[in-house]
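The model shown is predicted, which means the values in this text are computed figures rather than measured ones.
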Amino acid sequence: MNKMGYKEVLSKTMSILSYICLIALFLIATFLLYFIVSNQIAKTKGEKPAISIYTIVSPSMEPTIMVYDVIIDTKVKSDAELKIGDIITFYSNTIDTGGYTVTHRIVDIYKNNGVIYYTTKGDNNMDKDAGLITIDNVVGKCKFIIPSIGKMQIFITSRAGWILIILIPALGIILMDIKKLIKIFRIKEQIEEIPQIKEVELIREKEENKKLRAVVEEANRMNKGKKNE
């Protein structure tokens with residue numbers, strides 16, 4: 001493969017990678033937009049969100065959920081959806097979390113005066129959580145755990161991450177498009193020049209024909225002169 005071949009392959013590879021990054025970012029942005037809008041609608045209606053996303057910053061659930069893992073919770077509609085062993089995200093009435101949620105495992109369930117209570121505990125904690133949780137405190141049940149993606153979230157929100165993940169692929173796509181536009185304009189100019197080239201060729205052909213006729217006429221005159229002699 002020659003040098004031009006390598007450049008063409010590299011150019012196509014960079015173009016494909018840029019488009020893949022752009023599509024991935026578009027899908028992520030679409031999901032986040034849906035997440036934000038749906039949560040805002042639920043908040044306006046005084047309801048719990050259908051989907052919740054949390055970045056874990058405490059080691060209390062290790063090794064099941066590590067620090068900087070991201071969990072995706074789904075809304076719990078009734079007590080029948082919960083059982084011992086489930087990991088839930090909830091607001092605690094007794095633990096001072098500064099308004100933040102807690103994500104721990106249900107280790108016990110009991111009923112008192114018609115109300116179902118849940119006892120929770122972090123997998124990495126020695127003791128159970130103080131206080132009891134009811135369905136009203138539960139934000140959602142953990143459905144998916146995405147390992148270490150919280151680190152990427154922190155990186156993307158940094159200046160270097162924003163430049164590397166968003167700005168560079170976007171600039172790459174823009175440069176590729178500019179290169180394509182330049183090629184299109186050049187091809188267009190070449191197409192527009194075709195009639196001019198043909199016209200020049202016709203003029204040259206006419207000039208050559210004139211010269212040829214002049215030579216023929218001169219030859220005829222010379223022949224006539226010789227005959228007259």
Would Lys141 and Asp73 count as a side chain to side chain contact (heavy atoms under 4.5 Å, CB included) if you check the C-alpha gap in whole Å, the side-chain angles of each, and the deciding distance to 0.1 Å? CA-CA 5 Å; Lys141 181 166 69 172; Asp73 291 349; over 6 Å; no
Can you get from Ile84 to Ile116 by hopping between Ile, Leu, Val, Met, Phe, Trp and Tyr side chains that sit under 4.5 Å apart? yes
Donor-acceptor pair, side chain of Asn124 and main chain of Pro59, under 3.5 angstrom: yes
Cluster link Val115 to Tyr110, ILVMFWY, side chain under 4.5 Å: yes
Determine whether a donor-acceptor pair (N or O, by modelled atom type, separation under 3.5 Å) exists between the side chain of Asp108 and the backbone of Thr119. no
Main-chain N/O of Gly85 paired to Arg105 side chain as donor or acceptor, under 3.5 Å: yes
Closest approach of Ile135 to Leu82 (non-hydrogen atoms, all atoms of both residues): CD1-CD1, 4.1 Å
Closest approach of Val76 to Glu81 (non-hydrogen atoms, all atoms of both residues): CA-OE1, 3.8 Å
To the nearest 0.5 Å, what is the distance between SG (Cys142) and CD1 (Ile88)? 11.0 Å
Under the criterion side-chain contact (heavy atoms from CB on, under 4.5 Å), which of Asp136, Val139, Ile133, Thr134 is the partner of Phe90? Ile133
Is the backbone N or O of Val138 less than 3.5 Å from a side-chain atom of Lys48, with the two atoms forming a donor-acceptor pair by type? yes
Identify whether Ile72 and Ile149 are in the same connected component of the hydrophobic contact network (ILVMFWY, side-chain heavy atoms under 4.5 Å). yes
Are Val102 and Ile109 connected into the same hydrophobic cluster when the rule is that any two of I, L, V, M, F, W, Y join if their side-chain heavy atoms are below 4.5 Å apart? yes
Take Ile56 and Tyr68, measure what side chain to side chain contact (heavy atoms under 4.5 Å, CB included) needs, and give me the verdict at the end. CA-CA 5 Å; Ile56 303 302; Tyr68 295 126; over 6 Å; no
Quick check: is Tyr117 connected to Ile106 through a chain of hydrophobic side chains (ILVMFWY, heavy atoms under 4.5 Å apart)? no
Does Val107 reach the side chain of Lys128, with side-chain heavy atoms less than 4.5 Å apart? yes
Run Asp129 and Lys121 through salt bridge (Lys or Arg N to Asp or Glu O under 4.0 Å) and show every step you take. CA-CA 5 Å; Asp129 298 333; Lys121 175 184 174 295; over 6 Å; no
What do the steps show when you test His104 against Ser60 for side chain to side chain contact (heavy atoms under 4.5 Å, CB included), and what is the final call? CA-CA 8 Å; His104 282 172; Ser60 63; 2.9 Å; yes
Any chance you could lay out the side-chain hydrogen bond (donor to acceptor under 3.5 Å, both in side chains) test for Thr103 and Thr89, step after step, and finish with the verdict? CA-CA 4 Å; Thr103 298; Thr89 301; 2.9 Å; yes
Looking at every non-hydrogen atom in both residues, tell me the closest pair between Tyr91 and Tyr100 and how far apart they are. CD2-O, 4.1 Å
Between Asp69 and Ser148, is there a side-chain heavy-atom distance shorter than 4.5 Å? yes
Residue pair Tyr54, Val70: steps toward the side chain to side chain contact (heavy atoms under 4.5 Å, CB included) verdict: CA-CA 6 Å; Tyr54 300 97; Val70 169; over 6 Å; no
Thr64 and Ile87: which non-hydrogen atoms are nearest, and at how many Å? CG2-CD1, 4.0 Å
Could you check Tyr118 against Asp86 for side-chain hydrogen bond (donor to acceptor under 3.5 Å, both in side chains), going step by step and ending with a plain yes or no? CA-CA 11 Å; Tyr118 302 94; Asp86 286 343; over 6 Å; no
